[in-house]
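Numbers restart at 1 for each chain; the letters A, B, ... are given by sequence-line order, proteins then strands. Values below: every heavy atom of this structure, side chains too, minus hydrogens, waters and symmetry copies.
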There are 2 protein chains.
Amino acid sequence: MKNRIKELRAKNDLTQDQLAEQLEVSRQTIISLERERYNPSIILAFKLAKIFNCQIEDIFIYEGEK
Amino acid sequence: MKNRIKELRAKNDLTQDQLAEQLEVSRQTIISLERERYNPSIILAFKLAKIFNCQIEDIFIYEGEK
DNA sequence: ATTCGATGTAAAGCGAACTTGACTTTTAAA
DNA sequence: TTTAAAAGTCAAGTTCGCTTTACATCGAAT
């Protein structure tokens, strides 16, 4: 699953640390998500959408890859 | 996290078994989701949205509950 | 009253999501 | 050219999404 987290985080002028804090997750989680090492829980996806003020579908691109 | 899976499944005339098969998950997973015993992975959420032909946000209602 | 499809419960197990901590590399500014 | 913030790696541990199996309940036919 591809995502635009790094791009959106930059657009919102946030460091990984700041985003992690807002999401109440560890910085490792942000790093791993940006590197697409794993897929987030739906709760994290909702939190991200809220922070970036958009839809989950605007952040994550599902291509039926599994 | 609340969801409308049971409702949407009924509207689409599907049994838990049939939905599980389409999603490639076990029937237990459907039961547990409908009973809101846990939250799905983002991948399952995308698959559900595809089957029900709607947005993830139309199926799952996030109220910041965590 | 019996049967059967659909729904439900319980419990053990596995792998993925996420944490924590310690350390390294990159980048940019002083 | 040192320094420091930001980004990254590695590894071990915990929690939770999901599976599997086996059994129970309910409703609606027959």
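- Where DNA chain C pairs in unbroken runs of 3 or more (Watson-Crick or G-U, both distances under 3.5 Å), the stems are C:1-30 with D:1-30.
- As rounded to whole Å, 13 Å separates atom C1' of C:dA22 from atom CD1 of A:Ile31.
- Inter-residue side-chain proximity for B:Phe52 and B:Lys11 is flagged as unmet; no heavy-atom pair is nearer than 4.5 Å.
- Across all strands, A:Asp17 comes closer than 4.0 Å to no nucleic acid atom at all (heavy-atom distances).
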Salt bridge (Lys or Arg N to Asp or Glu O under 4.0 Å) for B:Glu21 and B:Arg27? Distances and angles first, verdict last. CA-CA 8 Å; B:Glu21 200 179 355; B:Arg27 189 171 62 90; over 6 Å; no
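- Rounding to whole angstrom units, CD1 of residue B:Ile5 and C1' of C:dA6 are separated by 17 Å.
- Taking each heavy atom of A:Ile42 and B:Met1 in turn, the nearest pair found is CG2-CE, 3.6 Å.
- Note on B:Ser26: a base of the nucleic acid sits closer than 4.0 angstrom, heavy atoms only.
- Note on B:Arg35: only backbone sugar-phosphate atoms sit closer than 4.0 angstrom, heavy atoms only; bases stay farther off.
- Between A:Lys6 and D:dG8 there is a side-chain N or O to OP1 or OP2 distance below 4.0 Å.
- Atom C1' of nucleotide C:dT7 and atom CD of B:Glu36 are separated by 17 Å, given to the nearest angstrom.
- Rounded to an integer number of Å, the gap from CG of A:Leu44 to P of D:dT15 is 18 Å.
- Comparing B:Ser32 and B:Arg27 against DNA chain D, the residue whose closest nucleotide sits nearer the 5' end is B:Ser32.
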